[in-house]
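Worksheet: one structure, shown below.
Just so it is clear, the structure is predicted and the values come from calculations on it, not from any experiment.
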Amino acid sequence: MSRLSAEDIARLKRDTDLVALVRARGVELKKHGAHDLVARCPLPGHKDKKPSFIVTPAKNLFNCPGCGRGGGPIDFVMMMDGVPFRAAVDALFAKGRAVQRGRGLAPAPVDAGASGAAKEKATVPEERAQVLLERIVTIYAQAF
């Protein structure tokens with residue numbers, strides 16, 4: 001495993017669209033106030049009766065006062081999948097794809113030395129890509 005720089009992590013946190021990431025997990029977000037979105041908390045161990053999971057798109061953060069958890073995109077993946085930090089980061093970069101702000105699912109940065117085949121756009125449907133991403137996260141979780 002190669003070490004990621006602080007800049008890589010900061011870029012991942014900044015560029016990953018938390019709203020798209022949450023919605024990709026099947027969470028229905030609704031407008032809440034002027035700037036936030038709200039849903040029933042999807043985090044394991046918290047069974048909401050009323051919506052308390054708040055996403056603030058401008059800050060790219062979530063908070064659930066009901067279960068006391070919150071954070072950014074990496075934290076969301078860690079909590080949803082029960083994986084450590086590195087596995088969550090790898091899941092967001094898995095197969096050269098990340099949920100990027102304002103773009104939905106889009107290619108993540110590719111190393112300059114990558115082959116031409118790796119630079120081609122994936123032809124996997126978005127729903128199938130999500131299933132594959134969840135399988136990868138499960139494999140990482142079991143490996144650690």
Side-chain angles (χ1 to χ4, degrees), residues 1-112 114 118-144:
M1 266 196 275
S2 65
R3 181 169 165 82
L4 294 169
S5 70
E7 294 83 24
D8 289 335
I9 300 301
R11 187 180 73 239
L12 182 63
K13 288 179 181 180
R14 180 189 65 238
D15 292 346
T16 301
D17 185 345
L18 182 59
V19 172
L21 183 64
V22 170
R23 285 184 171 148
R25 297 296 184 105
V27 179
E28 184 181 336
L29 293 166
K30 296 181 180 180
K31 191 133 177 88
H32 178 72
H35 307 286
D36 296 333
L37 301 168
V38 68
R40 290 180 53 197
C41 185
L43 299 174
H46 186 207
K47 301 294 180 201
D48 253 351
K49 299 277 188 227
K50 296 179 181 177
S52 65
F53 183 81
I54 301 167
V55 177
T56 306
K59 295 182 180 178
N60 212 33
L61 296 172
F62 72 91
N63 179 46
C64 180
C67 66
R69 294 182 278 183
I74 298 171
D75 302 301
F76 181 74
V77 173
M78 288 171 59
M79 292 175 200
M80 284 295 290
D81 298 337
V83 297
F85 179 82
R86 182 58 195 235
V89 168
D90 289 345
L92 289 171
F93 276 125
K95 299 291 183 182
R97 294 180 60 86
V99 179
Q100 294 184 343
R101 294 185 78 148
R103 297 184 198 119
L105 286 176
V110 177
D111 291 338
K119 291 181 183 179
E120 291 180 21
K121 186 174 180 179
T123 58
V124 178
E126 206 168 270
E127 296 81 15
R128 179 74 177 137
Q130 183 62 34
V131 170
L132 293 172
L133 178 61
E134 288 174 7
R135 283 186 185 171
I136 290 167
V137 170
T138 301
I139 291 168
Y140 271 111
Q142 291 171 351
F144 291 110

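Side-chain contact between V55 and R23 is absent, with no heavy atoms from C-beta onward closer than 4.5 Å. Proximity of M80 to L21: side-chain heavy atoms (C-beta onward) are nowhere separated by under 4.5 Å.
Scanning both residues, V27 and R40, for their nearest heavy atoms gives CG1-O, 4.4 Å. For the pair A39 and L29, the tightest heavy-atom approach, listed with the atom from each and the gap, is CB-CD2, 3.7 Å. Pairing each heavy atom of L61 with each of L18, the nearest pair is C-CD2, 3.4 Å. Of all heavy-atom pairs between T16 and P73, the closest is CG2-CB, 3.5 Å. Taking all atoms of both residues into account, the shortest heavy-atom contact from P57 to V19 is CG-CG2, 3.8 Å. Closest of all the heavy-atom pairs between F62 and M79 is CZ-SD, 3.8 Å.
The NZ atom of K59 sits 10.5 Å away from atom NE2 of H35, with the distance rounded to the nearest 0.5 Å. Here the CG-CD distance, from L37 to E28, works out to 11.5 Å after rounding to the nearest 0.5 Å. Here the CG-CD1 distance, from D90 to I136, works out to 10.0 Å after rounding to the nearest 0.5 Å.
In this structure, N60 contributes its side chain and K13 its backbone to a donor-acceptor pair below 3.5 Å.
Heavy atoms from other residues, nucleotides or ligands lying under 6.0 Å from CZ of R135 number 12 at most. In the displayed structure, K31 atom NZ is contacted under 6.0 Å by more than 12 heavy atoms of other residues, nucleotides or ligands.
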- Message: Evaluate I9 against F85 for side-chain contact (heavy atoms from CB on, under 4.5 Å), listing each step before the verdict.
- Response: CA-CA 11 Å; I9 300 301; F85 179 82; 3.9 Å; yes
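For the side-chain contact (heavy atoms from CB on, under 4.5 Å) with L92, the qualifying choice from I74, V137, D15, L133 is I74, the only one to do so.
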Identify each donor-acceptor pair in which a side-chain atom of residues 42-50 lies under 3.5 Å from a protein atom, sequence neighbours left out, and give them as a table.
from	atom 1	to	atom 2	distance (Å)
H46	NE2	D48	OD1	3.1
D48	OD1	S52	OG	3.0
D48	OD2	C41	N	2.6
D48	OD2	S52	N	3.3
D48	OD2	S52	OG	2.9

